[in-house]
Enquirer: 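Provided herewith is a single structure, encoded as structure tokens, for subsequent inquiry.
Order of the sequence lines sets the chain letters (A, B, ...), proteins ahead of strands, with each chain counted from 1.
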There are 2 protein chains.
Amino acid sequence: MTAPTITITNLIWSFDRTTQHVNLLLLKRDQAPFKAYWALPTTTMRDDESADAAALRLVREKIGLALDRLHTEQLATFTQPQRTPGPRGVALAYMTFLPEMPPLTPGYGASAAKWFQFADTPTAYQLQNGTAAFTTPTSDQATYYATQTTRTTTPLTQLAFDHDWMIAMASQRIRNKLDYQPNILLTLGPTFTLREARTVFATFLRCPLNALDNSNFKKNHRQLFTAVGTTTAKRAGRPATLYRLNYLPLTNA
Amino acid sequence: MTAPTITITNLIWSFDRTTQHVNLLLLKRDQAPFKAYWALPTTTMRDDESADAAALRLVREKIGLALDRLHTEQLATFTQPQRTPGPRGVALAYMTFLPEMPPLTPGYGASAAKWFQFADTPTAYQLQNGTAAFTTPTSDQATYYATQTTRTTTPLTQLAFDHDWMIAMASQRIRNKLDYQPNILLTLGPTFTLREARTVFATFLRCPLNALDNSNFKKNHRQLFTAVGTTTAKRAGRPATLYRLNYLPLTNA
DNA sequence: ATAATAAAAGTAATATTGACTTTTATCTCA
DNA sequence: TGAGATAAAAGTCAATATTACTTTTATTAT
């Protein structure tokens, strides 16, 4: 018996200011297992690096981005013996909130790399740019992994490994932290408008944007944001106030 | 280079109805490294079991307790290469909230097993029954692990490995979840009085019990508890109402 | 019975939230 | 230049929640 491989999987989030959508990075695998499936960026931890460092390395390798301030946080660790076909692999899942949305080029092990618009609903992820959507796992964790070994899947409707489950956990974690530590707002960069913050909140609260009243939103979260200026608008309407996060998120790169 | 050992460390919490204190289980190690130091219960993950299962096995082995409802949850995973002296070990930390506080007998690898009263303050854990106290790590994570290799320690004032750091993280996690998912209340068993719930809350909010007004506490957390009866008091004073948690916690044993 | 105790129950001022309306600053296009 | 359109800020007010506090109730000990 050999010790399980330790892999690092990183959920890399960004925000597209053009489409006003939260995005998640997926890679199309070009090797077995799950060849031709979309999957979250994954690497194996090296002998001399921590998992945190490996997660950051993944961002550099997959995005080619050299940012001096980057927030990465642990999501959870996945250890079920049957979570991978073949040799056992333990996955440490991380989340990275990119302050911008750089263009992508597929690297080693991937035939494609793409930002997927993320829209969370109780029954399905709409990870789509007009091309693909993925249903959420509906069962509890034990049931989910019990069916992993026997599942019949297609690359068009499902993700590789237990990555759908990871996304479900990530979405819930982000939702839970929305009111006291909304690190997902780091995807908006150093400053953002209230509308942008509301857009991100609405995504994870599974409600339409206008269900979050701008005025009330500002009052209810005033301890989280500080006004730092205004947009110089090149569009109709009163310029929006720019805010920044009040707390300084832990950065690790 | 060999793959790191995967170890499971479990923070096992309980509540002592006699002393009205939250307690944490520590074992006194009888082998190197950190021989004679107090440490959290730890085991290595087996080839055929998940980390969750290993955490539960740890409860059975260290407590000899066969409970049909037991809540265990993941805390975090610790991967810094220098976190252990000697061969690299990755630790998956779990928390278990025992619904009772059974007597302890030291098992394999331990010369003593003991429930330590837990009192969290910004600068020190008072893990004590009149015998020992442990200072909290005050630095950030990077600094903490940088000094791990060179630290000079004594078994009386410090815990083995990075277990002090784990406890700091656990305390903060419990505090963060107090308002929406206070699983720590599972240590109170199936039913509890408001005073007991306030005692637990006060422990992690680092305030005296009477800073939490009984009447207000009831109103502010009414969505979390349901009244299910009253104590049959053998003491002065009006009998207390008994409550149970409204949500059903995930149990995994 | 009476005092002591502990917790429930009640109260009123204040603060927060939520639904909604009004005002303001900008752009567009005649 | 000015009217209309647009988008966001700012304001309003009733409903709700929170806080600090007092009063009442149910029990035990003497």
Side-chain angles (χ1 to χ4, degrees), chain A residues 15-21 175 178-180 182 185 188-189 191-244 246, chain B residues 15-21 175 178-180 182 185 188-189 191-203 205-246:
Chain A
F15 186 80
D16 185 340
R17 282 212 146 77
T18 308
T19 64
Q20 296 279 305
H21 262 279
R175 179 167 36 254
L178 239 31
D179 279 328
Y180 70 101
L185 293 183
L188 297 175
T191 62
F192 50 85
T193 64
L194 283 185
R195 165 181 278 264
E196 288 166 344
R198 280 162 51 216
T199 300
V200 173
F201 270 57
T203 301
F204 291 94
L205 293 173
R206 302 164 165 172
C207 70
L209 172 61
N210 64 3
L212 301 174
D213 179 89
N214 198 291
S215 187
N216 293 338
F217 186 82
K218 178 170 152 189
K219 278 184 283 183
N220 296 348
H221 301 95
R222 64 190 173 288
Q223 78 282 6
L224 293 173
F225 318 133
T226 301
V228 289
T230 53
T231 53
T232 48
K234 279 285 183 289
R235 56 141 184 78
R238 180 170 172 167
T241 306
L242 285 173
Y243 292 84
R244 64 163 175 76
N246 266 343
Chain B
F15 186 81
D16 186 340
R17 282 211 145 76
T18 308
T19 64
Q20 296 279 305
H21 261 278
R175 179 166 37 255
L178 238 32
D179 277 329
Y180 70 100
L185 293 184
L188 297 176
T191 62
F192 50 85
T193 64
L194 283 186
R195 166 181 277 264
E196 288 166 344
R198 280 164 51 218
T199 300
V200 173
F201 270 57
T203 301
L205 293 174
R206 302 164 165 171
C207 70
L209 172 61
N210 64 3
L212 302 173
D213 178 88
N214 196 288
S215 187
N216 293 337
F217 186 81
K218 178 170 151 188
K219 279 183 281 187
N220 295 347
H221 300 94
R222 65 190 173 288
Q223 78 283 6
L224 292 173
F225 318 132
T226 302
V228 289
T230 53
T231 52
T232 49
K234 279 283 182 292
R235 57 141 184 78
R238 179 169 172 166
T241 306
L242 286 173
Y243 292 83
R244 64 163 174 76
L245 277 178
N246 267 342

Enquirer: So if I take the C1' atoms of five pairs at each end of the helix from C:dA1-D:dT30 to C:dA30-D:dT1 and get each local axis, what angle do the two axes make, rounded to 10 degrees?
Expert: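 Rounded value for the end-axis angle: 0°.
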
Enquirer: Check every strand shown and say whether A:T241 touches a base, only sugar-phosphate, or nothing at a heavy-atom separation below 4.0 Å.
Expert: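 Sugar-phosphate, backbone atoms only, no base.
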
Enquirer: Can you check whether any acceptor in the base of C:dG18 is under 3.5 Å from a donor in the side chain of A:S215, or vice versa?
Expert: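 It does not, because no donor-acceptor pair links the side chain of A:S215 to the base of C:dG18 below 3.5 Å.
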
Enquirer: Decide yes or no for B:E196 and B:V200: does some side-chain heavy atom of the first lie under 4.5 Å from some side-chain heavy atom of the second?
Expert: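 B:E196 does not reach B:V200 side chain to side chain.
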
Enquirer: Indicate whether OP1 or OP2 belonging to C:dA7 is found under 4.0 Å from a side-chain N or O atom of B:R195.
Expert: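 Answer is yes, contact under 4.0 Å.
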
Enquirer: For A:F217 and C:dT16, give me the distance from atom CZ to atom P, rounded to whole Å.
Expert: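 The answer, rounded to whole Å, is 17 Å.
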
Enquirer: May I have the distance from B:Y243 (atom OH) to C:dA7 (atom P), rounded to whole angstrom?
Expert: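 Atom OH in B:Y243 sits about 12 Å away from atom P in C:dA7.
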
Enquirer: Measure from CZ on A:R222 to P on D:dA9 and round the result to the nearest Å.
Expert: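 It is 16 Å, rounded to the nearest whole Å.
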
Enquirer: If you only use heavy atoms from C-beta on, which nucleotide in D:dT27, C:dG18, C:dA25 is closest to the side chain of A:N216?
Expert: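 Of the options given, the side chain of A:N216 lies nearest C:dG18.
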
Enquirer: Expressed in angstrom and rounded to an integer, what is the separation of B:F192 atom CZ from C:dA7 atom P?
Expert: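 To the nearest whole Å, that distance equals 15 Å.
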
Enquirer: Search all heavy atoms of A:R198 against all heavy atoms of A:L212 and return the closest pair with its distance.
Expert: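 That closest heavy-atom pairing would be NE-O, 2.8 Å.
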
Enquirer: Classify the ring geometry of A:Y180 against B:Y180: parallel below 30°, tilted from 30° to 60°, perpendicular beyond 60°.
Expert: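 Taking B:Y180 first and then A:Y180, their aromatic rings sit tilted (interplane angle of 30° to 60°).
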
Enquirer: Go nucleotide by nucleotide along DNA chain D from the 5' end; which of B:K219 and A:A236 gets its closest nucleotide reached first?
Expert: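 Its nearest nucleotide lies further toward 5', so the answer is A:A236.
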
Enquirer: Looking at D:dA7, does its base get a donor-acceptor pair with the side chain of A:N214 below 3.5 Å?
Expert: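 Donor-acceptor pair under 3.5 Å: no.
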
Enquirer: Measuring only between side-chain heavy atoms, which start at C-beta, is B:L188 closer than 4.5 Å to B:R17?
Expert: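 Of all side-chain heavy-atom pairs linking B:R17 with B:L188, at least one is under 4.5 Å.
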
Enquirer: Which residue pairs pass the side chain to side chain donor-acceptor pair (under 3.5 Å) test when at least one of the two sits in residues 223-235 of chain A, sequence neighbours left out?
Expert: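 Listed by first then second residue: A:T226-A:N246.
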
Enquirer: Look at the side-chain N and O atoms of B:R235 and state whether any lies under 4.0 Å from the OP1 or OP2 oxygen of D:dT27.
Expert: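 The answer is no; no side-chain N or O of B:R235 sits under 4.0 Å from OP1 or OP2.
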
Enquirer: With a 4.0 Å limit, can you tell me whether A:N220 has a side-chain N or O closer than that to the phosphate oxygens OP1/OP2 of C:dG18?
Expert: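 Answer is yes, contact under 4.0 Å.
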
Enquirer: Classify B:R198 by what it touches in the nucleic acid, base, sugar-phosphate, or nothing, heavy-atom distance under 4.0 Å.
Expert: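 The answer is nothing, as B:R198 stays clear of every strand by at least 4.0 Å.
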
Enquirer: Taking the six-membered ring for Trp and the single ring otherwise, decide whether the centroids of B:F217 and B:F201 are under 6.0 Å apart.
Expert: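 Yes.
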
Enquirer: State, to 0.1 Å, how close A:Y243 and A:A227 come at their nearest heavy-atom pair, and which atoms those are.
Expert: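 Heavy atoms of A:Y243 and A:A227 come nearest at CD2-N, 3.5 Å.
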
Enquirer: Over how many whole Å does the gap from B:F225 atom CZ to C:dA8 atom C1' extend?
Expert: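 From B:F225 CZ to C:dA8 C1': 16 Å.
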
Enquirer: With respect to the side chain of B:R238, which nucleotide from C:dA19, D:dT25, D:dA8 is positioned closest?
Expert: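 Shortest atom-to-atom distance from the side chain points to D:dT25.
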
Enquirer: Between A:G237 and A:H221, which residue's closest nucleotide on DNA chain C lies nearer the 5′ terminus?
Expert: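 This one resolves to A:H221.
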
Enquirer: Does the side chain of B:F225 reach to within under 4.5 Å of the side chain of B:L194, using non-hydrogen atoms?
Expert: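 Side-chain contact under 4.5 Å: yes.
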
Enquirer: Distance check needed: C:dG10 C1' versus B:D213 CG, whole Å only.
Expert: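 Whole-Å distance recorded here is 12 Å.
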
Enquirer: Just the rounded figure in Å: distance from P of C:dT16 to NZ of A:K218.
Expert: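 Nearest whole value for this atom pair: 16 Å.
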
Enquirer: Round to a whole Å and report the spacing from CG of A:L212 to P of C:dC20.
Expert: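 These atoms are roughly 15 Å apart.
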
